[in-house]
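These notes concern the structure reproduced below.
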Amino acid sequence: MGSLLYLYHVVNYIFCHTGLCVVTALSDDTATITKQLVPVQENPVLLLRKASELLGDRLAVLSSFGAESALLLAMVAEADPAMKVLFLNTGKHFPQTLEYRQNLADFLHLSNVQDVAPQPRQVENRDPTGELWAFDPDACCALRKVEPLQVASLPYEALVTGRKRGQAVTRSTLEIVELREDGQLRLNPLAFWSAEDITQEMQRRGLPPHPLVAEGYLSIGCAPCTQPVDGAQDARAGRWAGLNKTECGIHIKH
(Lines give C-alpha, C1' and ligand atoms only; values in the text may rest on other atoms or scores of the structure.)
Protein backbone atom coordinates (compact mmCIF):
# COMPACT_ATOMS: atom_id res chain seq x y z
CA MET A 1 0.00 0.00 0.00
CA GLY A 2 2.84 2.38 0.89
CA SER A 3 4.51 2.16 -2.55
CA LEU A 4 1.19 2.72 -4.31
CA LEU A 5 0.47 5.77 -2.17
CA TYR A 6 3.95 7.12 -2.92
CA LEU A 7 3.32 6.70 -6.64
CA TYR A 8 -0.03 8.45 -6.27
CA HIS A 9 1.61 11.45 -4.60
CA VAL A 10 4.30 11.61 -7.31
CA VAL A 11 1.69 11.62 -10.08
CA ASN A 12 -0.48 14.13 -8.24
CA TYR A 13 2.52 16.41 -7.64
CA ILE A 14 3.25 16.43 -11.37
CA PHE A 15 -0.39 17.08 -12.24
CA CYS A 16 -0.69 19.90 -9.71
CA HIS A 17 2.33 21.64 -11.20
CA THR A 18 0.60 21.61 -14.59
CA GLY A 19 -2.61 23.01 -13.12
CA LEU A 20 -4.46 19.69 -13.24
CA CYS A 21 -4.72 18.71 -9.57
CA VAL A 22 -6.38 15.37 -8.94
CA VAL A 23 -9.21 15.19 -6.41
CA THR A 24 -9.96 11.65 -5.26
CA ALA A 25 -11.73 9.83 -2.46
CA LEU A 26 -9.65 8.68 0.47
CA SER A 27 -8.08 5.26 0.13
CA ASP A 28 -9.50 2.51 2.33
CA ASP A 29 -6.23 2.49 4.27
CA THR A 30 -6.34 6.24 4.93
CA ALA A 31 -10.00 6.11 5.92
CA THR A 32 -9.26 3.31 8.40
CA ILE A 33 -6.36 5.22 9.90
CA THR A 34 -8.46 8.37 10.23
CA LYS A 35 -11.18 6.48 12.11
CA GLN A 36 -8.59 5.25 14.60
CA LEU A 37 -7.01 8.67 15.10
CA VAL A 38 -10.14 10.73 15.68
CA PRO A 39 -11.05 9.08 19.05
CA VAL A 40 -7.67 10.06 20.56
CA GLN A 41 -7.31 13.47 18.93
CA GLU A 42 -8.03 15.41 22.13
CA ASN A 43 -4.80 14.13 23.69
CA PRO A 44 -1.80 15.28 21.60
CA VAL A 45 0.63 12.66 22.92
CA LEU A 46 -1.81 9.79 22.45
CA LEU A 47 -2.62 11.09 18.94
CA LEU A 48 1.06 11.19 18.01
CA ARG A 49 1.75 7.79 19.54
CA LYS A 50 -1.22 6.22 17.75
CA ALA A 51 -0.23 7.83 14.46
CA SER A 52 3.30 6.50 14.85
CA GLU A 53 2.00 3.00 15.55
CA LEU A 54 -0.34 3.05 12.55
CA LEU A 55 1.85 4.82 10.01
CA GLY A 56 5.45 4.09 10.99
CA ASP A 57 7.80 5.59 8.42
CA ARG A 58 4.85 7.04 6.48
CA LEU A 59 4.56 9.74 9.16
CA ALA A 60 6.71 12.86 9.61
CA VAL A 61 6.57 16.03 11.68
CA LEU A 62 7.00 19.41 10.02
CA SER A 63 8.62 21.94 12.36
CA SER A 64 9.89 25.48 11.89
CA PHE A 65 11.68 25.39 15.27
CA GLY A 66 9.93 28.69 15.85
CA ALA A 67 8.34 30.55 18.75
CA GLU A 68 5.99 27.78 19.92
CA SER A 69 7.62 24.74 18.33
CA ALA A 70 9.15 23.36 21.52
CA LEU A 71 5.83 22.15 22.93
CA LEU A 72 4.81 20.04 19.94
CA LEU A 73 8.34 18.67 19.64
CA ALA A 74 8.35 17.77 23.33
CA MET A 75 5.14 15.83 22.76
CA VAL A 76 6.72 14.14 19.73
CA ALA A 77 9.70 13.14 21.89
CA GLU A 78 7.32 11.75 24.51
CA ALA A 79 5.38 9.75 21.92
CA ASP A 80 8.33 8.54 19.82
CA PRO A 81 11.72 10.32 19.90
CA ALA A 82 12.72 8.55 16.66
CA MET A 83 9.80 10.06 14.72
CA LYS A 84 11.11 11.88 11.65
CA VAL A 85 11.09 15.69 11.96
CA LEU A 86 11.47 17.80 8.81
CA PHE A 87 12.96 21.30 9.10
CA LEU A 88 12.75 23.61 6.09
CA ASN A 89 16.20 25.16 5.93
CA THR A 90 15.42 27.95 3.48
CA GLY A 91 18.83 29.59 3.58
CA LYS A 92 17.16 32.74 4.96
CA HIS A 93 16.65 31.85 8.63
CA PHE A 94 17.81 33.91 11.57
CA PRO A 95 21.10 32.54 12.96
CA GLN A 96 19.26 32.15 16.28
CA THR A 97 16.78 29.75 14.64
CA LEU A 98 19.53 27.51 13.28
CA GLU A 99 21.20 27.39 16.69
CA TYR A 100 17.86 26.73 18.39
CA ARG A 101 17.10 23.89 15.97
CA GLN A 102 20.22 22.05 17.11
CA ASN A 103 19.94 22.89 20.80
CA LEU A 104 16.25 21.98 21.08
CA ALA A 105 16.71 18.68 19.25
CA ASP A 106 19.53 17.81 21.64
CA PHE A 107 17.52 18.93 24.69
CA LEU A 108 14.55 16.73 23.71
CA HIS A 109 16.71 13.80 22.50
CA LEU A 110 15.06 13.85 19.09
CA SER A 111 17.09 11.43 17.00
CA ASN A 112 15.69 11.90 13.51
CA VAL A 113 15.63 15.61 12.60
CA GLN A 114 16.34 16.18 8.91
CA ASP A 115 16.85 19.42 7.00
CA VAL A 116 14.91 20.04 3.79
CA ALA A 117 16.53 22.63 1.53
CA PRO A 118 15.86 24.11 -1.91
CA GLN A 119 17.84 22.73 -4.82
CA PRO A 120 21.04 24.80 -5.26
CA ARG A 121 20.57 24.90 -9.04
CA GLN A 122 17.04 26.26 -8.64
CA VAL A 123 18.26 28.94 -6.22
CA GLU A 124 21.06 29.91 -8.61
CA ASN A 125 18.66 30.17 -11.55
CA ARG A 126 15.72 31.87 -9.84
CA ASP A 127 17.29 33.90 -7.04
CA PRO A 128 20.92 34.55 -8.01
CA THR A 129 21.24 37.68 -5.84
CA GLY A 130 19.31 36.28 -2.86
CA GLU A 131 16.88 39.21 -3.01
CA LEU A 132 13.81 37.54 -4.52
CA TRP A 133 11.99 37.98 -1.21
CA ALA A 134 12.11 41.77 -1.62
CA PHE A 135 10.14 42.01 -4.87
CA ASP A 136 8.27 38.70 -5.17
CA PRO A 137 7.84 37.04 -1.76
CA ASP A 138 5.39 34.45 -3.15
CA ALA A 139 7.99 33.29 -5.66
CA CYS A 140 10.61 33.20 -2.89
CA CYS A 141 8.36 31.06 -0.67
CA ALA A 142 7.64 28.74 -3.59
CA LEU A 143 11.35 28.31 -4.29
CA ARG A 144 12.58 27.94 -0.74
CA LYS A 145 9.61 26.33 1.05
CA VAL A 146 6.70 25.04 -1.01
CA GLU A 147 8.54 23.14 -3.73
CA PRO A 148 11.19 21.54 -1.47
CA LEU A 149 8.51 20.38 0.96
CA GLN A 150 6.31 18.99 -1.82
CA VAL A 151 9.19 16.79 -2.95
CA ALA A 152 10.34 15.86 0.57
CA SER A 153 6.82 14.93 1.72
CA LEU A 154 6.10 12.55 -1.15
CA PRO A 155 6.86 9.39 0.88
CA TYR A 156 4.55 10.37 3.76
CA GLU A 157 0.88 9.64 4.15
CA ALA A 158 0.61 12.08 7.05
CA LEU A 159 2.42 15.21 8.21
CA VAL A 160 2.17 16.60 11.74
CA THR A 161 2.15 20.39 12.07
CA GLY A 162 2.13 22.89 14.92
CA ARG A 163 -0.59 25.12 13.48
CA LYS A 164 -3.20 26.59 15.81
CA ARG A 165 -6.58 28.20 15.16
CA GLY A 166 -5.66 31.27 17.16
CA GLN A 167 -2.58 32.14 15.13
CA ALA A 168 -4.41 33.91 12.31
CA VAL A 169 -7.78 34.27 10.59
CA THR A 170 -6.55 31.96 7.83
CA ARG A 171 -6.32 29.13 10.40
CA SER A 172 -9.54 29.80 12.32
CA THR A 173 -11.33 26.65 11.09
CA LEU A 174 -8.39 24.28 11.42
CA GLU A 175 -9.21 20.71 12.50
CA ILE A 176 -6.95 18.39 14.47
CA VAL A 177 -7.24 15.60 11.90
CA GLU A 178 -7.25 17.33 8.53
CA LEU A 179 -8.09 15.47 5.33
CA ARG A 180 -6.54 17.01 2.22
CA GLU A 181 -7.66 16.74 -1.36
CA ASP A 182 -4.29 15.30 -2.42
CA GLY A 183 -4.86 12.20 -0.27
CA GLN A 184 -2.50 13.24 2.52
CA LEU A 185 -3.44 13.67 6.17
CA ARG A 186 -2.33 16.66 8.22
CA LEU A 187 -2.38 16.18 11.98
CA ASN A 188 -2.54 19.38 14.02
CA PRO A 189 -2.42 18.22 17.66
CA LEU A 190 -2.42 21.77 19.09
CA ALA A 191 -5.10 23.21 16.80
CA PHE A 192 -7.37 24.25 19.69
CA TRP A 193 -4.64 25.37 22.11
CA SER A 194 -4.39 29.09 22.91
CA ALA A 195 -1.14 31.01 23.13
CA GLU A 196 -1.63 31.17 26.90
CA ASP A 197 -2.13 27.39 27.11
CA ILE A 198 1.06 26.81 25.15
CA THR A 199 3.12 29.25 27.21
CA GLN A 200 1.95 27.70 30.47
CA GLU A 201 2.64 24.16 29.29
CA MET A 202 6.07 25.10 27.98
CA GLN A 203 6.89 26.62 31.36
CA ARG A 204 5.51 23.60 33.21
CA ARG A 205 7.73 21.31 31.14
CA GLY A 206 10.76 23.58 31.49
CA LEU A 207 11.17 23.93 27.72
CA PRO A 208 13.70 26.44 26.38
CA PRO A 209 12.09 29.27 24.39
CA HIS A 210 13.30 30.50 21.03
CA PRO A 211 15.74 33.33 21.86
CA LEU A 212 13.89 35.82 19.63
CA VAL A 213 10.62 35.52 21.58
CA ALA A 214 12.04 37.81 24.25
CA GLU A 215 12.52 40.44 21.53
CA GLY A 216 8.84 40.40 20.49
CA TYR A 217 8.98 37.84 17.70
CA LEU A 218 5.84 35.74 18.30
CA SER A 219 5.90 33.98 14.91
CA ILE A 220 9.32 33.34 13.43
CA GLY A 221 10.03 32.60 9.79
CA CYS A 222 12.75 33.77 7.44
CA ALA A 223 14.71 36.79 8.67
CA PRO A 224 13.94 39.22 5.81
CA CYS A 225 10.17 38.72 6.11
CA THR A 226 9.73 38.58 9.90
CA GLN A 227 9.50 41.40 12.42
CA PRO A 228 8.40 41.79 16.05
CA VAL A 229 4.76 42.47 16.92
CA ASP A 230 3.05 44.27 19.77
CA GLY A 231 0.49 42.78 22.12
CA ALA A 232 -2.47 44.11 20.12
CA GLN A 233 -1.61 42.13 16.98
CA ASP A 234 -2.03 38.44 16.25
CA ALA A 235 1.11 36.34 16.36
CA ARG A 236 1.54 36.21 12.59
CA ALA A 237 1.14 39.96 12.01
CA GLY A 238 4.92 40.24 11.85
CA ARG A 239 5.14 37.91 8.88
CA TRP A 240 5.27 39.75 5.52
CA ALA A 241 4.11 42.90 7.34
CA GLY A 242 2.50 45.46 5.04
CA LEU A 243 1.83 42.91 2.30
CA ASN A 244 -1.36 41.09 1.33
CA LYS A 245 0.23 37.80 2.38
CA THR A 246 -0.32 35.72 5.50
CA GLU A 247 0.87 32.23 4.54
CA CYS A 248 4.01 30.93 2.86
CA GLY A 249 1.97 28.32 0.97
CA ILE A 250 3.10 25.02 2.47
CA HIS A 251 -0.22 24.54 4.26
CA ILE A 252 -2.46 25.72 1.42
CA LYS A 253 -4.25 22.94 -0.41
CA HIS A 254 -2.84 22.75 -3.91
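Not measured: the values here are computed from a predicted model.
- When side chains are defined from C-beta on, E68 does not count as touching W193, because their heavy atoms never get closer than 4.5 Å.
- In the hydrophobic clustering of this structure, V213 does not group with L98; members are Ile, Leu, Val, Met, Phe, Trp, Tyr whose side-chain heavy atoms approach within less than 4.5 Å, directly or through other members.
- Within the structure, ring pair (Phe, Tyr, Trp, His ring centres under 6.0 Å) contacts touching residues 32-80 (residues at least two apart or in different chains) are F65-F87.
- Ion pairing of E178 with R186 is absent here, as no side-chain N (NZ or NE/NH1/NH2) approaches a carboxylate O to less than 4.0 Å.
- In this structure, the side chains of V177 and L187 come closer than 4.5 Å at one or more pairs of heavy atoms.
- W133 and L149 are members of different hydrophobic clusters when ILVMFWY side chains are connected at heavy-atom separations under 4.5 Å.
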### Task
In sequence, state the C-alpha distance, the side-chain angles, and the governing distance for R144 and D127, and then conclude on side chain to side chain contact (heavy atoms under 4.5 Å, CB included).
CA-CA 10 Å; R144 296 179 181 275; D127 191 12; 2.8 Å; yes
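- For N188 (side chain) and R163 (main-chain N/O), no donor-acceptor pair under 3.5 Å exists by modelled atom type.
- Across all non-hydrogen atoms, the minimal contact from A67 to S219 is CB-N, 4.4 Å.
- P81 and H109 get closest at one heavy-atom pair: CB-O, 3.6 Å.
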Extract all donor-acceptor atom pairs below 3.5 Å that involve side chains of residues 45-57 and protein atoms in other chains or at least two apart in sequence.
unit_1 : atom_1 : unit_2 : atom_2 : d
R49    : NH2    : E78    : O      : 3.3
S52    : OG     : D80    : OD2    : 2.9

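- Taking hydrophobic clusters as Ile, Leu, Val, Met, Phe, Trp and Tyr residues chained together by side-chain heavy-atom distances below 4.5 Å, V123 does not share a cluster with V151.
- Without hydrogens or angle criteria, S194 side chain to D197 main chain gives a donor-acceptor distance under 3.5 Å.
- Tracing side-chain contacts under 4.5 Å through hydrophobic residues (I, L, V, M, F, W, Y), one reaches L72 starting from L185; they form part of the same cluster.
- Scored by the ring pair (Phe, Tyr, Trp, His ring centres under 6.0 Å) test, F94 finds Y217 as partners (sequence neighbours excluded).
- Of all the heavy atoms in L104 and A70, the pair that sits closest is CD2-CA, 3.8 Å.
- Put simply, the side chain of Q96 does not reach to within 4.5 Å of the side chain of I220, judged on heavy atoms.
- For CD of Q227, the number of neighbouring non-hydrogen atoms (other residues, nucleotides, ligands) closer than 6.0 Å is greater than 12.
- For the pair L159 and V61, the minimum side-chain heavy-atom distance is 4.5 Å or more.
- Considering only heavy atoms from C-beta on, L71 comes within 4.5 Å of M75 through its side chain.
- Heavy atoms only, all atoms of each residue included: H93 and L88 are closest at NE2-O, 2.7 Å.
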### Task
With side chain to side chain contact (heavy atoms under 4.5 Å, CB included) as the test, would you mind laying out the steps for N89 and R101 before giving the verdict?
CA-CA 10 Å; N89 191 344; R101 171 234 181 275; over 6 Å; no
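- Between S63 and V85, the closest heavy-atom pair is CB-CG1, 4.0 Å.
- Between E99 and P211 the shortest side-chain heavy-atom distance does not fall below 4.5 Å.
- What you find for C222 and T90 is that their closest heavy atoms are SG-OG1, 3.1 Å.
- No continuous path of ILVMFWY side-chain contacts below 4.5 Å connects V146 to L143, so the two sit in separate hydrophobic clusters.
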